[in-house]
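Since the structure comes first, as C-alpha cells, the remarks are kept for the end.
What you see is a predicted model, and the numbers here were worked out from it, not measured in a lab.
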Amino acid sequence: MDDKAREILEIAKAENVLFIDLQFTDILGVTKSVTIPTSGLEESLERGTWFDGSSIYGFARIQESDMILRPDPNTFRILPWTRNSSAGVRARIFCDIQTPEGEPFPGDPRGALRKALAHAEALGFSYNTGPELEFFLFRNGGAVTEAVPHDIGGYFDFSPNDEAEIVRSDIVNALQALDINVEMSHHEVAIGQHEIDFRYGYALQSADNAMTLKYAVKGVATSHGLFATFMPKPIFGINGSGMHVHQSMVDSSGKNIFFDPDGQMKLSEVAQQFVAGQLAHARALAGVVAPTVNSYKRLTPGYEAPVYVCWAQRNRSALIRVPRYSPGREASTRVELRFPDPSCNPYLAFAAMLEAGLDGIERKLTPPEPVTDDVFHWSKEEREAKGVDTLPGTLEEALDELAKDEVVRNALGDHIYVAYDRAKREEWEEYRIHVSEWETKRYLTTI
C-alpha cells in the first residue's frame with residue numbers, strides 16, 4: 001500500500017467517515033456508485049472491490065459479469081453535505097475498472113482517457129483541460145416538473161438577495177470543500193442559467209472534477225428545493241448550455257508548448273497542428289461531445305453556439321477560439337473548443353478531443369486561415385467559397401460521421417464504440433418516431 005492510500009485511511013478514521021462511495025461512470029456519462037463501510041476501505045485499496053458489471057449499460061454480458069473496482073487514492077474526498085447528516089459522514093473515491101484478471105477493462109470511460117493521455121505522453125506531451133459547465137436552476141413544480149426559471153438575472157447580473165446567487169454560493173463552497181479550485185461563477189445569458197468554472201488541470205483530474213461538479217450542483221440545488229439540469233437546450237427560444245473546454249499541453253518540464261512569441265496568434269506550430277486535427281475531425285467529434293438528440297437543438301445559429309467548422313481569435317462564432325495573449329501569461333496560452341455540451345461523458349469527450357488533436361500533430365496538418373468575420377451572417381455560398389464546413393444537424397448525422405472516422409472511434413475503443421453507437425441510435429430512433437406536443441399543436445386540428 002502506498003503512502004497516499006495510508007493517508008486517506010488515516011483521514012477517514014480521524015473524520016469519523018462511516019461509508020465510502022466507490023464511483024465510476026457508464027459509457028453515457030452517468031455516475032454509478034458502490035457503497036462500502038469504511039472498515040472495508042483498506043481491503044478495497046489493496047485488492048479492489050468486486051461488482052456486477054452486467055448491470056451497467058455497455059459494460060459486460062451476464063456470463064462475464066464479474067469486475068473489479070480499483071480505487072484511485074488521489075480522488076478521495078469527504079462529501080461536505082454529509083458532515084451533519086444523521087446517516088453519518090460519507091466520502092467518495094473514483095475508481096478504475098479492471099477485469100477479473102486485473103487488466104484494464106476496455107469498456108471503462110476513465111480507462112479510455114488514460115489510454116489517450118498515455119499516447120500524448122509517449123509523444124512528450126501532457127494534456128490539460130479547463131471545462132466551463134453551464135446549467136439551469138429551476139423550481140420543482142410538484143408532481144409535474146416544469147422548466148420555469150426561478151430568477152430574473154441576465155449575463156453577469158448581480159443581485160445579492162436573489163435566491164440563485166445564494167444557491168450558487170453554496171455550490172461554490174461545496175466544490176471548494178471537495179478541493180476543486182473554483183475560479184469563477186456567474187449568471188449566464190438566459191434566465192435561470194449559470195456557469196461555474198474551475199481551474200484547468202491534467203485532463204483526468206479535470207474530467208473527475210466535471211463529474212463531481214455535476215452531482216454537487218444537483219445535490220445543493222435539491223437542498224434548496226430546486227433542481228439543476230445540464231440538459232443542453234431545456235427551453236425553446238433562449239440560449240442553451242454548453243461546456244466550452246480550454247485546452248493546452250505542456251512538456252515534461254511543465255512548459256506550455258502551445259506558446260510561441262513569433263507564431264500566428266502566439267501559437268506554436270504544434271498548437272496549430274493540434275487545432276487543425278480537431279477541425280479535421282470536428283464532425284465526428286460531435287457524436288461524442290454533443291451526444292444527445294437535444295444537443296442539436298442548442299447547436300443552431302442565433303443562440304451563440306458554434307455550428308461552423310472554423311477557428312479564430314476573439315470571434316465567438318468559431319468552433320475553436322484562441323483567447324488573446326497577455327504578456328507575462330505565456331503559461332495561459334490555450335485553445336478553446338466551443339461545441340461540447342455538459343450532457344457528454346467528459347472522459348470520452350476529452351479522450352476523443354485529444355486523439356483528434358494528436359492526429360493533427362502526427363500528420364503535421366496545417367489549419368485553414370482563421371476567420372475574423374461573424375460566420376453566422378455568411379450565406380451558404382460564402383461559407384462554401386471559403387471552405388467552411390458545418391457541424392452535423394442531428395444526432396443521427398453525427399453518429400454517421402463518427403462511424404466513418406477511425407481516429408475518433410479508436411479513441412473510444414471498439415468495446416465502448418459498439419455499445420455507445422447502439423445506445424445512441426436507439427435514442428435517435430425513439431426520438432424519430434415520437435409524436436411531440438409541437439406536432440399535435442400544429443397538425444391535430446388543421447389537417
Subject >> Sequence neighbours excluded - salt bridge (charged side-chain N to carboxylate O under 4.0 Å, His left out) pairs with any residue from residues 203-218 >> reply: Arg110-Asp208

Subject >> Selection residues 267-295 - residue pairs positive for salt bridge (charged side-chain N to carboxylate O under 4.0 Å, His left out), sequence neighbours left out >> reply: Arg283-Glu397, Arg283-Glu401

Taking only residues two or more places apart in sequence, or in another chain, which ones meet [X] in a ring-ring contact (aromatic ring centres under 6.0 Å, His included)?
| X | value |
| --- | --- |
| Tyr215 | none |
| Phe274 | Phe258 |
| Tyr417 | none |

Is a donor from one side chain sitting under 3.5 angstrom from an acceptor on the other, for [X] and [Y]?
| X | Y | value |
| --- | --- | --- |
| Arg92 | Thr212 | yes |
| Thr366 | Gln272 | no |
| Thr292 | Asn294 | no |
| Glu362 | Gln273 | no |

For [Y], does its backbone N or O pair with a side-chain atom of [X] as donor and acceptor, under 3.5 Å?
| X | Y | value |
| --- | --- | --- |
| Asn128 | Tyr202 | yes |
| Arg334 | Ser332 | yes |
| Arg298 | Lys233 | no |
| Lys4 | Asn74 | no |
| Ser206 | Ala203 | no |
| Asn256 | Thr333 | yes |
| Ser268 | Ile257 | yes |

Would you mind reporting whether [Y] and [X] have side-chain heavy atoms less than 4.5 Å apart?
| X | Y | value |
| --- | --- | --- |
| Ser33 | Thr35 | yes |
| Val167 | Asp170 | no |
| Leu18 | Val89 | no |
| Pro80 | Leu178 | yes |
| Leu133 | Ile196 | no |

So, taking the atom named [atom1] in [X] and the one named [atom2] in [Y], what distance separates them when rounded to the nearest 0.5 Å?
| X | Y | atom1 | atom2 | value |
| --- | --- | --- | --- | --- |
| Thr390 | Leu319 | OG1 | CG | 10.5 Å |
| Met243 | Leu213 | CE | CG | 10.5 Å |
| Leu28 | Cys344 | CG | SG | 12.0 Å |
| Leu354 | Asp359 | CG | CG | 11.0 Å |
| Leu137 | Thr229 | CG | OG1 | 10.0 Å |
| Met265 | Gln313 | CE | CD | 6.0 Å |

**OP:** Please step through side-chain contact (heavy atoms from CB on, under 4.5 Å) for the pair Lys424 and Glu427, ending with a clear verdict.
**Re:** CA-CA 5 Å; Lys424 288 299 167 181; Glu427 178 182 337; 2.9 Å; yes

Non-neighbouring partners of [X] that pass salt bridge (charged side-chain N to carboxylate O under 4.0 Å, His left out), sequence neighbours left out:
| X | value |
| --- | --- |
| Glu369 | none |
| Lys386 | none |
| Lys441 | Glu437 |
| Glu183 | Arg199 |

Where [X] and [Y] come nearest, the two heavy atoms and their spacing:
| X | Y | answer |
| --- | --- | --- |
| Trp311 | Leu279 | CD1-CD1, 3.8 Å |
| Pro131 | Phe198 | CG-CZ, 3.5 Å |
| Val17 | Thr38 | O-OG1, 2.6 Å |
| Val371 | Cys310 | CG2-CB, 3.7 Å |
| Pro370 | Ala312 | CB-CA, 4.3 Å |
| Leu391 | Pro306 | CD1-O, 3.6 Å |

Original post:
Using the ring of each side chain (for Trp, its six-membered ring), is Tyr431 parallel, tilted or perpendicular to Trp428, with breaks at 30° and 60°?
Top reply: tilted

**OP:** Given side-chain contact (heavy atoms from CB on, under 4.5 Å), test Arg321 with His246 step by step and report yes or no.
**Re:** CA-CA 9 Å; Arg321 184 178 75 92; His246 294 262; 4.2 Å; yes

Looking at [Y] and [X], is there a salt bridge between them, counting it only when a charged N and a carboxylate O are closer than 4.0 Å?
| X | Y | value |
| --- | --- | --- |
| Arg442 | Glu439 | no |
| Arg90 | Asp21 | yes |
| Lys255 | Asp251 | no |
| Glu406 | Arg409 | no |
| Arg425 | Asp421 | yes |

Original post:
Which residues pass the side chain to side chain contact (heavy atoms under 4.5 Å, CB included) test with Met211, sequence neighbours left out?
Top reply: Thr25, Thr31, Phe94, Pro346, Tyr347

**OP:** Identify, with sequence neighbours excluded, every residue that meets side chain to side chain contact (heavy atoms under 4.5 Å, CB included) alongside Ser252.
**Re:** none

**OP:** Keeping to residues at least two apart or across chains, list the ring pair (Phe, Tyr, Trp, His ring centres under 6.0 Å) pairs with something in residues 113-133.
**Re:** none

**OP:** May I have the step-by-step check of salt bridge (Lys or Arg N to Asp or Glu O under 4.0 Å) for Arg432 and Glu396, ending in yes or no?
**Re:** CA-CA 10 Å; Arg432 187 187 67 80; Glu396 181 184 43; over 6 Å; no

Subject >> Verdict with reasoning, Leu267 to Asp260, per side-chain contact (heavy atoms from CB on, under 4.5 Å) >> reply: CA-CA 5 Å; Leu267 291 182; Asp260 182 346; over 6 Å; no

**OP:** Measure centre to centre between the rings of Phe339 and His244, then say whether the value is under 6.0 Å.
**Re:** no

Original post:
Can Cys95 and Ile97 be said to form a side-chain contact (heavy atoms from CB on, under 4.5 Å), step by step?
Top reply: CA-CA 6 Å; Cys95 300; Ile97 302 172; 5.7 Å; no

